[in-house]
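These notes are about the structure you will find just below.
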Amino acid sequence: MLGRQKAGRRIALSVGSALDSIPEVGYFPAQLPNNGTAHVCLYRLDQHIGRTLTAILAAPQKVDGSTAAALVFMAANLRPAPSNPAV
């Protein structure tokens, strides 16, 4: 049942503050939901996917809960391009 119960606003704010204190971790949506069934994406800022998501989230178009699931899917399916050693 863990993860399916309503966390409550204070807990979501506390988790958000804890995540904010980790400099190499990013997350969205920026305001964590109180709903235990909502999607939240955590990512490393120093990895390819982290740089990609940071750029997407900084775009002028608003990214909200309705697009979060699509971004989670995209993040799960992105793979770095294979490296080709110089010949």
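Quick note: numbers below take in every heavy atom, side chains included, and nothing from hydrogens, waters or symmetry partners. Numbers here simply count residues along the sequence, with the first being 1.
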Determine, using the 4.5 Å side-chain heavy-atom cutoff (strictly less than), whether Leu13 and Leu19 are members of one ILVMFWY cluster. no
Are the side chains of Leu32 and Ile11 in touch, meaning some heavy atoms are under 4.5 Å apart? no
Mind checking whether Val25 and Tyr43 have side chains closer than 4.5 Å, heavy atoms only? no
Would you say that more than 12 heavy atoms from the other residues, nucleotides or ligands in this model lie under 6.0 Å from the CD of Gln31, or not? no
side-chain hydrogen bond (donor to acceptor under 3.5 Å, both in side chains) against Tyr27, all qualifying residues, sequence neighbours excluded: Asp20
At what distance, to the nearest 0.5 angstrom, does CG of Leu53 lie from CD of Gln47? 12.0 Å
Tell me if a side-chain donor or acceptor on Ser14 pairs with a main-chain N or O of Arg10 at a distance below 3.5 Å. no
Set of side-chain hydrogen bond (donor to acceptor under 3.5 Å, both in side chains) partners for Arg44, sequence neighbours left out: Asp46
Taking all heavy atoms of Pro33 and all of Ala12, pick out the closest pair and write down the distance. O-CB, 4.0 Å
Nearest heavy-atom contact between Leu45 and Pro23 is CD1-O, 3.2 Å
